[in-house]
Amino acid sequence: MDSESQSHGPKHGLGLHWKILIGLAVGAVAGILCNRFLRGIDGKPVEQLKFFADNVAYPLGEIFLRLIFMVVVPLVFCALTLGVAEIGDVRRLGRLGGRTLIMTLLFSTASVLIGLALANTLQPGKAVSAEATAMLRERFASQANEKISKAREAKTPIQTIVEIIPRNPLQEAVGALDGSSPGSGMLGVMFFSLCFGIALTIIPPERSRPVIDVLQGIYDAVMIIIGAAMRFAPIGVAALIFSITAVLGLQFFVALSGYVIAVLAGLSIHMFIVYSLAIFFIAGRSPVAFFRDILEVMLTAFGTSSSNATLPTALRVVEDKLHLDRKVSHFVLTIGSTANQNGTALYEGMTVLFLAQVFGVNLDWYQQFTVVILSILAGVGTAGVPGGSLPLVVLVLQTINVPPEGIALIMGVDRLLDMSRTTVNVVGDIAVAACVDRWERTSG
Ligand code: ASP
């Protein structure tokens with residue numbers, strides 16, 4: 001596969017990651033400036049700006065995201081089935097799965113503990129004024145209600161585990177990206193792919209080979225489509241970020257600056273300290289080189305706010321730049337794009353504590369422990385799509401008796417936090433893959 005020609009553009013041109021970075025900067029600055037200066041006599045942003053954001057910028061961004069989302073389900077199925085079939089030995093697969101699980105749990109627990117420690121020491125919820133609370137609640141009430149009704153459909157823990165096994169994988173696949181599946185969505189698709197891949201290793205090679213060849217052909221074709229869509233990424237991310245900043249401006253960030261800074265600090269600590277330590281001590285690599293090599297993946301995650309949409313770029317970059325074993329990276333990255341979301345887990349824990357502080361609900365250690373466990377589980381159960389974790393935040397709030405409508409408070413700043421936590425989620429998947437890869441190489 002000629003990955004260079006697929007997504008880096010002309011060989012001597014500016015690298016795609018730089019173009020994405022420029023797109024992000026241009027979109028954000030243009031949006032903030034338009035919001036600030038295109039105002040009517042009533043002091044509010046002019047109607048035409050909202051019209052442009054909703055009818056030109058947002059659709060452009062949506063077209064980019066949809067071009068990628070349209071191939072995510074076949075990609076997940078092919079990448080995971082091929083990954084498992086190539087491993088070829090159920091015992092090795094079990095060992096790989098066990099190691100992936102250990103790293104995922106370690107990273108998730110560390111991230112939630114960092115989040116809780118920061119929320120308890122910085123207490124960002126205490127700094128939000130009553131006027132700001134009222135203003136935010138009113139402004140985002142309808143969006144909050146939408147998330148609350150989604151959370152109502154939530155299931156018991158036992159049901160959640162049972163539903164990892166899909167009754168009908170096609171039905172799960174249909175709703176995997178918008179949360180409308182009857183069961184566990186993408187996790188169900190992954191379970192089916194795992195079983196299918198294992199079964200392929202058991203049947204005689206003359207039967208499995210043609211199936212594997214077809215899946216490889218589909219995988220290659222999907223990567224071509226993604227490569228083409230990614231050329232559009234700089235414009236797509238510029239449009240997406242413009243459509244948000246032009247409408248919302250910076251006022252919500254000012255009102256919630258303590259919370260936003262605390263979450264960004266937590267995410268940075270996890271990404272640059274915890275991951276760097278693991279990359280150095282477990283994966284045996286230089287953290288600086290690691291982050292430099294995966295810059296394109298980080299910017300794609302930041303621009304799209306979606307682990308699933310970033311999966312194709314992640315698969316390509318770890319192979320081309322980090323030279324990880326394809327069998328390991330396909331398995332770990334594909335599962336991780338839905339099931340390993342450290343940034344989301346950290347964000348959920350901090351947000352729940354923040355809202356509890358705003359509403360004056362004191363959480364004892366037992367309730368905080370509940371938040372830790374639920375946030376870790378939420379990191380596994382969250383769909384890797386923009387805003388995927390919000391219904392789960394509602395669920396945790398309900399569990400510990402904080403008014404779920406409180407989610408309205410954070411809606412105005414959620415996109416930036418979503419972009420940031422998605423970046424941490426995706427880097428976490430690559431960090432797990434690098435650690436497991438080393439582990440596999442050294443212990444055989
Ligand atoms: N947008 C996140 C992701 O795709 C999920 C979330 O936290 O909302 O990884």
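Since this is a predicted model, take the numbers as computed values, not measurements. Order of listing sets the numbers, starting from 1, for every ligand and every atom in it.
Each ring-ring contact (aromatic ring centres under 6.0 Å, His included) pair with one or both residues in residues 327-362, not counting sequence neighbours, appears once here: Tyr219-His330, Tyr259-Phe354.
Listed by chain and residue number, Arg326 satisfy the salt bridge (Lys or Arg N to Asp or Glu O under 4.0 Å) test with Glu86 (two or more places apart in sequence, or in another chain).
If you look at ligand 1, the protein residues with a non-hydrogen atom under 4.0 Å away are Ser305, Ser306, Ser307, Gln341, Thr344, Thr382, Ala383, Gly384, Val385, Pro386, Gly387, Gly388, Ser389, Asp418, Arg421, Thr422, Asn425.
Residues Asn342 and Asn340 bring a donor and an acceptor atom of their side chains to less than 3.5 Å of each other.
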Item to complete: Show your working on salt bridge (Lys or Arg N to Asp or Glu O under 4.0 Å) between Lys327 and Glu440 and close with a plain yes or no.
Response: CA-CA 11 Å; Lys327 301 186 199 78; Glu440 290 284 308; over 6 Å; no
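The distance between the ring centers of Phe291 and Tyr275 does not fall below 6.0 angstrom.
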Run the side-chain donor-acceptor check on residues 20-36: report pairs under 3.5 Å with partners two or more places apart or on a different chain.
residue	atom	partner	partner atom	Å
Asn35	OD1	Arg39	NH2	2.9
Asn35	ND2	Ala246	O	2.8
Asn35	ND2	Val247	O	3.3

